[in-house]
Asks: 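Submitted below is the structure of interest, expressed as structure tokens.
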2 protein chains.
Amino acid sequence: MLDLAVLGLLRAGPRHGYDLKGHLSELGFRRISFGSLYPALRRLEKRGLIIALRTNGRRKAYRLSEEGSAELSRLLRDESHPNEEDRRFNIRLAFFRYLEPALRVRSLERRRRDLIDRLGSTQRSLQRASGGTVDRYTLALMRHRVISIQADIEWLDELIAAERGNVQIYANTSSLMRGTE
Amino acid sequence: MLDLAVLGLLRAGPRHGYDLKGHLSELGFRRISFGSLYPALRRLEKRGLIIALRTNGRRKAYRLSEEGSAELSRLLRDESHPNEEDRRFNIRLAFFRYLEPALRVRSLERRRRDLIDRLGSTQRSLQRASGGTVDRYTLALMRHRVISIQADIEWLDELIAAERGNVQIYANTSSLMRGTE
DNA sequence: TGAATACTATATCGATTCGATATAAATGTA
DNA sequence: TACATTTATATCGAATCGATATAGTATTCA
């Protein structure tokens, strides 16, 4: 999963470890630690997917190799993960531009099916729980989960529509900038 | 994190491993694997926080010890995790009924501050990215993240209001049951 | 009845990831 | 100059994941 993120970032040009961490944060993957990032870099270097460039000072920059680029494509295409982790899908999406356009809609639709499944089972859980057995906090949690999944599916529908018809997404942005306070 | 979940579930009565997994799924923590659950049980048993009960057959049920109950309270109270993981907060919330009522609002408000922080930094990322440097998928991802955090904060506000005023939450449930299709 | 299939249940293994900590150079700033 | 912050890499033990093994029990149905 980190491999995917690292290869994806290096696809745009050479970067060193600390720099990668910064860009991952910008992308929203804030909790990825150096304790996984640096080992991942050595791992990828050993596999020949990235190549260390000597730079001045303590920095060790890496660039993507041919094999690395191929591996990135493979990971982006990869359909062997049924019901993949949210984080993993998000990382894939962040590098969607490197996925063959023809495969993008398919990938989004697969994600949609996963979420529909999840919605169903979460709703069933909720319905069982609504029988009065469950305390209000758990119930609140379950309800919020349903709403979140529904919102994710609607968002995905917009992405799919945009992908199909080249529709403009999110015409209005002002609400995104209001501070909830 | 798993410790918290296991202790929380056992608080309501003895259960065996497979059973715990099932209940975790019901609660929405679907991706917790046996590869972490069983080691966690042995870990907790070794620390004397849970006690194995002999049952018929292959089952090994566990019950919470006095120390386990104390540890659960401690973990629920725990404020040493600034900006805790979403998953961890959700697990704490699922067992909120075991947290002293006076501490509940505080805990929710701390979570709210964390989310406000996250909202701010995510919005700043988005604003930087909107300068035209970033592709549409990454942009879509960042925008969706902002919206999700805003929704989480609003949900939290309802929880806080309910906690303070004993207000009924979610009067209307019908929309939660519609299948998005 | 008996064979095939699914479900329940525990366990283990290597690899990955986390979270905390150490170290030190460069840079800012009082 | 002295001190704090930021940049940067590294390491360590522990937690978690994901896949796989094993085997008893229940269900199905030919």
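Letters A, B, ... are given to chains in the order of the sequence lines, protein chains preceding strands, and every chain is numbered from 1.
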Asks: Quick one: A:Ile32 CD1 to D:dC17 C1', roughly how many Å, whole number?
Replies: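 Answer to the nearest Å: 15 Å.
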Asks: Going by an N to O cut-off under 4.0 Å, is there a salt bridge joining B:Arg164 and B:Glu109?
Replies: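 Counted as a salt bridge, because a side-chain N and a carboxylate O are separated by less than 4.0 Å.
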Asks: Please report, rounded to the nearest Å, how far the P atom of D:dA14 is from the CG atom of B:Leu2.
Replies: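 In whole Å, D:dA14 P and B:Leu2 CG are 17 Å from each other.
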Asks: Can you list, in residue-number order, the parts of residues 36-45 of chain A that come under 4.0 Å of DNA chain D, counting heavy atoms only?
Replies: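 Within this stretch, A:Tyr38, A:Arg42 sit under 4.0 Å of the strand.
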Asks: Considering heavy-atom distances to DNA chain D, does A:His81 or B:Asp3 have its closest nucleotide positioned more toward the 5' end?
Replies: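 First, find each residue's nearest nucleotide; the 5'-ward one identifies B:Asp3.
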Asks: Give every pair of a protein N or O atom and an N or O atom of nucleotides 20-23 of chain D that lie under 3.5 Å apart, one pair per line with the distance.
Replies:
none

Asks: Which of residues 4-31 of chain A sit near DNA chain D, with a heavy atom under 4.0 Å from it?
Replies: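 Contacting residues: A:His16, A:Gly17, A:Tyr18.
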Asks: If each of A:Met1 and B:Ser80 is mapped to the nucleotide of DNA chain C with the nearest heavy atom, which maps nearer the 5' terminus, i.e. the 5' end?
Replies: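 Going by which nucleotide is closer to the 5' end, it is A:Met1.
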Asks: Heavy atoms under 4.0 Å, any strand shown: does A:Arg88 hit a base, just sugar-phosphate, or nothing?
Replies: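 It contacts nothing in the nucleic acid.
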Asks: Examine distances only and state if a side-chain atom of A:Arg145 and a backbone atom of A:Gln123 form a donor-acceptor pair shorter than 3.5 Å.
Replies: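 Judged by distance alone, no pair lies under 3.5 Å.
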Asks: Report the distance from atom NZ of B:Lys46 to atom C1' of D:dA15, rounded to the nearest whole Å.
Replies: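 My rounded result for the distance is 14 Å.
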Asks: Can you work out whether B:Ala61 or B:Glu85 has the more 5'-proximal nearest nucleotide on DNA chain C?
Replies: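 First, find each residue's nearest nucleotide; the 5'-ward one identifies B:Ala61.
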Asks: Under the side-chain hydrogen bond (donor to acceptor under 3.5 Å, both in side chains) test, which residues partner A:Arg31, sequence neighbours left out?
Replies: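 Testing A:Arg31 for side-chain hydrogen bond (donor to acceptor under 3.5 Å, both in side chains), a comparison that skips the adjacent residues, returns none.
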Asks: Ignoring hydrogens and geometry beyond distance, is a side-chain donor-acceptor pair present between B:Ser36 and B:Ser33 at under 3.5 Å?
Replies: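 Checked: B:Ser36/B:Ser33 side chains pair up, N/O donor to acceptor below 3.5 Å.
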Asks: Can you measure A:Asn83 atom CG to D:dA19 atom P for me and round it to whole angstrom units?
Replies: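 Those two atoms, CG and P, are 12 Å apart.
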Asks: Assign the ring pair A:His144 / B:Trp155 to parallel, tilted or perpendicular, where the plane angle (0 to 90°) is split at 30° and 60°.
Replies: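 The rings of A:His144 and B:Trp155 lie parallel, inter-plane angle below 30°.
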Asks: Any salt bridge (charged side-chain N to carboxylate O under 4.0 Å, His left out) pairs touching residues 43-53 of chain A, not counting sequence neighbours?
Replies: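 Every salt bridge (charged side-chain N to carboxylate O under 4.0 Å, His left out) pair that includes a residue of residues 43-53 of chain A, provided the two are not neighbours, is A:Asp3-A:Arg43, A:Asp3-A:Arg47, A:Arg47-A:Glu71.
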Asks: Could you give the side-chain donor-acceptor pairs of residues 14-22 of chain B under 3.5 Å, partners two or more places apart or in another chain?
Replies:
unit_1: B:Arg15; atom_1: NH1; unit_2: B:Asp19; atom_2: OD2; d: 3.2
unit_1: B:Arg15; atom_1: NH2; unit_2: B:His23; atom_2: NE2; d: 3.4
unit_1: B:His16; atom_1: NE2; unit_2: B:Arg59; atom_2: NE; d: 3.0
unit_1: B:Asp19; atom_1: OD1; unit_2: B:His23; atom_2: ND1; d: 3.4
unit_1: B:Lys21; atom_1: NZ; unit_2: B:Ile32; atom_2: O; d: 2.6

Asks: Taking the side chain of B:Arg59 as heavy atoms from C-beta outward, which of D:dG18, D:dT16, C:dT8 is closest to it?
Replies: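 Nearest to the side chain of B:Arg59 among the choices is C:dT8.
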Asks: Find the distance between CD1 (A:Ile50) and CG (A:Leu72) and round it off to the nearest 0.5 Å.
Replies: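 A:Ile50 atom CD1 to A:Leu72 atom CG measures 12.5 Å (nearest 0.5 Å).
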Asks: Taking only residues two or more places apart in sequence, or in another chain, which ones meet B:Glu66 in a side-chain hydrogen bond (donor to acceptor under 3.5 Å, both in side chains)?
Replies: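 For B:Glu66, no residue satisfies side-chain hydrogen bond (donor to acceptor under 3.5 Å, both in side chains) once neighbours in sequence are set aside.
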Asks: Listed by chain and number, what are the side-chain contact (heavy atoms from CB on, under 4.5 Å) partners of B:Ser121, not counting sequence neighbours?
Replies: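 B:Ser121 satisfies side-chain contact (heavy atoms from CB on, under 4.5 Å) with A:Arg30, B:Arg124 only.
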Asks: For A:Tyr38, check ring-ring contact (aromatic ring centres under 6.0 Å, His included) against everything at least two apart and list the hits.
Replies: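 A:Tyr38: ring-ring contact (aromatic ring centres under 6.0 Å, His included) contacts with A:Phe34.
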Asks: Could you tell me the separation between the CD1 atom of B:Ile116 and the CD atom of B:Gln150, rounded to the nearest 0.5 Å?
Replies: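 Going from CD1 on B:Ile116 over to CD on B:Gln150, the span is 9.5 Å.
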Asks: D:dA15 C1' sits how many Å from B:Arg87 CZ, rounded?
Replies: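 So the CZ-C1' distance, B:Arg87 to D:dA15, works out to 11 Å.
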Asks: Taking ring-ring contact (aromatic ring centres under 6.0 Å, His included) as the test, write out the residues that go with B:Phe89, two or more places apart.
Replies: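 Listed in chain order: nothing, the list is empty.
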Asks: B:Asp117: what forms a side-chain hydrogen bond (donor to acceptor under 3.5 Å, both in side chains) with it, not counting sequence neighbours?
Replies: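 Per chain and number, B:Asp117 pairs via side-chain hydrogen bond (donor to acceptor under 3.5 Å, both in side chains) with no residue.
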Asks: Quick one: the dot-bracket string of DNA chain D, using Watson-Crick and G-U wobble pairs with both distances under 3.5 Å, [ ] for crossing pairs and | for bases paired to another strand.
Replies: ||||||||||||||||||||||||||||||
